[in-house]
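All ligand and atom numbering here is 1-based and tracks the order in the structure.
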Amino acid sequence: MKSTAVAHANLAFVKYWGKVDSKLNIPTNGSISMNLSNAQTVTTVQFDEELEEDIIQEGEKQILNDSKFAKRVVKQLDIVRELAKTRSRAFISTENTFAKGVGIASSASGMAALTLAAVSALSLDLSEKDLSILARLGSGSACRSIPDGFVEWISLGKHEESYARSIANDDHWDLVDITVVVTQSEKAISSSEGHLLATNSPFFSTRLNNMTARLAKVKSAILDRDFLTFGQEIEKEAIELHAVAMTSSFTQKNTWISGIYYWNEETIKLIHKVQYWRSEGLPVYFTLDAGPTMHLITLSKYLPEVLSAIETFEQSQTIHVKWEKIINYPAKGARIID
Ligand code: PMV
């Protein structure tokens with residue numbers, strides 16, 4: 001009745017932006033990601049017939065049951081309980097190796113670890129595909145944290161056909177993600193809101209029309225370890241997603257907002273720098289999720305050079321900055337560790 005699971009957060013190279021079904025987290029397009037070695041969640045779930053309600057602990061802190069976080073956890077456990085035909089409540093203890101608000105979504109690793117630990121504690125025998133589908137119900141991108149290494153989320157619009165599978169193991173390619181945390185402040189518009197607003201952009205349909213070709217190109221660049229094609233395609237992809245966000249206009253509290261700007265000044269400075277470093281011969285590209293955090297992508301042999309370029313840039317600023325950097329290699333999928 002007790003199991004501990006670990007799962008890594010993932011970084012999408014071809015991104016999920018827009019949903020055809022918000023309840024079931026079914027995306028409008030497929031996506032491709034990599035599990036991140038230094039961003040993991042470890043979760044223990046212990047079912048206990050004596051408990052009257054689920055008890056959730058995050059690190060040392062007990063979480064109030066009416067908090068948003070607790071509600072998401074209980075909702076996900078209810079789905080697993082229904083599958084196992086049990087009403088037993090559980091003690092849940094969860095911990096992240098990375099801070100919240102650094103631009104790496106903890107909901108993906110969190111939901112993947114929770115789902116696997118609960119399924120295993122209740123001795124449910126599920127395939128990787130079914131686990132991925134189940135994790136997706138908790139948080140869309142969590143389905144990509146179930147399989148190993150480099151992952152594709154296939155989505156054909158139906159619940160049973162929207163799941164992730166591995167396209168290459170974690171040792172397939174020595175790619176590195178340098179997560180550069182340019183601010184710790186919270187973003188104003190969550191990714192859940194961004195998904196809903198995406199269709200407001202006149203460029204949303206153009207993005208979708210190009211998606212099948214993009215997914216195929218990025219997938220084969222990964223399989224062929226073709227860094228040039230890969231880098232160019234993922235950088236274009238990130239900018240196109242943000243172009244859609246920036247042109248998704250909406251009205252909030254009676255105020256018209258022209259679009260969602262997830263970037264800040266530091267993000268833009270770094271974008272210019274990455275372009276400059278490339279012109280100087282350094283093979284480095286960037287991608288960004290729904291926030292200002294930059295993900296610099298390179299091959300491990302160039303890591304020292306990229307880190308030193310970032311440091312020189314930090315020191316050259318008139319106002320002194322020292323960004324937090326998290327170095328991530330490809331990682332395994334969700335697994336039981338007890
Ligand atoms: O899983 P969500 O709702 O946090 O959405 C993720 C959105 C992006 O990070 C921008 C893209 C992606 O595919 O992870």
> In Å, rounded to the nearest 0.5 Å, how long is the span from OG of Ser107 to NZ of Lys100?
Replying inline: 9.5 Å

> Taking N or O atoms only and a 3.5 Å limit, does His195 qualify as a polar contact for ligand 1?
Replying inline: yes

> Hey, looking at atom 12 (C) of ligand 1, which of His242, Glu193, Met111, Arg144 has the closest heavy atom?
Replying inline: Arg144

> Can you find a heavy atom in the side chain of Lys2 that is under 4.5 Å from one in the side chain of Phe47?
Replying inline: no

>> Check for me whether Ala105 has a heavy atom closer than 4.0 Å to any atom of ligand 1.
In response: no

> So which heavy atom in the protein is nearest atom 1 (O) of ligand 1, and how far is it from that ligand atom?
Replying inline: Ser141 OG, 2.7 Å

> In terms of hydrophobic clusters joined by side-chain contacts under 4.5 Å, are Tyr276 and Leu296 together?
Replying inline: yes

>> Can you classify the ring geometry of Tyr262 versus His242 as parallel (below 30°), tilted (30 to 60°) or perpendicular (above 60°)?
In response: perpendicular

> Side chain or backbone of Ala12 under 4.0 Å from ligand 1, or both, or neither, by non-hydrogen atoms?
Replying inline: side chain

>> For the 3.5 Å polar cut-off, considering only N or O atoms, please tell me whether Tyr16 and ligand 1 meet it.
In response: yes

>> Measuring centre to centre across the rings, with the benzene-like ring taken for any Trp, is Tyr16 within less than 6.0 Å of Trp153?
In response: yes

> Do any N/O atoms on Lys19 end up under 3.5 angstrom from N/O atoms on ligand 1?
Replying inline: no

>> Taking Leu116 as the starting point, is it possible to reach Val151 by hopping between hydrophobic residues whose side chains are less than 4.5 Å apart?
In response: no

> For ligand 1, is there an N or O atom under 3.5 Å from any N or O atom of Ser107?
Replying inline: no

>> My understanding is that we take every heavy atom of each candidate and find the minimum distance to atom 2 (P) of ligand 1. Doing that for Ser191, Ala290, Gly194, which one comes out nearest?
In response: Ser191

> Are Phe230 and Tyr285 an aromatic pair by the rule of ring centers under 6.0 Å?
Replying inline: no

